[in-house]
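What follows is one structure encoded as structure tokens, with my remarks underneath.
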Amino acid sequence: LYGTSQLVRTLLDSAVLNDAICAGTTFSGSFNDTAFTGAVLVNATFNGADLTDAKFDSAYLQGTSFAAASSVLSATLRN
């Protein structure tokens, strides 16, 4: 997913998006316990996204915005 791609009102609880390339993507919806391990999320926006227990381990997050996420409770960001 590149550029102006959008995942709006999406239900991807427990999804595995490891190593996905989602540069510039806008995410909204439910991503509880979703794995983004090793994903490229450069300039992605999590607008109204529920990221409870999401995993961003070793993800590339330059310019990524979590400012408007609805929840980031227990999300992990490990390198």
Side-chain angles (χ1 to χ4, degrees):
L1 303 172
Y2 291 101
T4 59
S5 299
Q6 297 183 9
L7 295 175
V8 179
R9 294 185 299 273
T10 307
L11 176 59
L12 286 175
D13 292 342
S14 300
V16 178
L17 300 174
N18 295 344
D19 301 314
I21 300 174
C22 301
T25 301
T26 298
F27 295 88
S28 72
S30 185
F31 299 90
N32 292 320
D33 200 35
T34 296
F36 292 94
T37 302
V40 176
L41 299 166
V42 175
N43 295 323
T45 302
F46 290 91
N47 187 6
D50 185 348
L51 299 167
T52 301
D53 295 316
K55 293 158 192 67
F56 294 92
D57 302 343
S58 299
Y60 188 42
L61 301 171
Q62 181 178 357
T64 300
S65 176
F66 297 95
S70 63
S71 175
V72 291
L73 182 67
S74 300
T76 61
L77 300 161
R78 295 187 182 112
N79 240 346

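Numbering starts at 1 and runs along the sequence shown. Worth saying up front: this structure is predicted, and the values here are computed from it rather than measured.
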Out of Asp53, Asp57, Thr37, which residue meets the side-chain hydrogen bond (donor to acceptor under 3.5 Å, both in side chains) rule with Thr76? Asp57
Are Asp50 and Ser70 linked by a side-chain donor-acceptor pair shorter than 3.5 Å? no
Rounded to the nearest 0.5 Å, the CG atom of Asn32 sits from the OG1 atom of Thr52 at a distance of 4.5 Å
Connecting only ILVMFWY residues whose side-chain heavy atoms lie within less than 4.5 Å of each other, what is the rest of Leu12's hydrophobic cluster? Leu1, Leu7, Leu17, Phe27, Phe31, Phe36, Leu41, Phe46, Leu51, Phe56, Leu61, Phe66, Val72, Leu77
Given a cutoff of under 4.5 Å between side-chain heavy atoms of I, L, V, M, F, W and Y, with clusters grown through shared members, what are the other residues clustered with Leu11? none
Check Cys22 against Ala44 and note the closest heavy-atom contact, atom names and distance. O-CB, 4.1 Å
In this structure, NZ of Lys55 is separated from OG1 of Thr34 (nearest 0.5 Å) by 8.5 Å
Residue pairs fulfilling salt bridge (charged side-chain N to carboxylate O under 4.0 Å, His left out) with at least one residue in residues 36-48, sequence neighbours excluded: none
Is it true that Asn47 and Thr45 share a donor-acceptor pair across their side chains at a distance under 3.5 Å? no
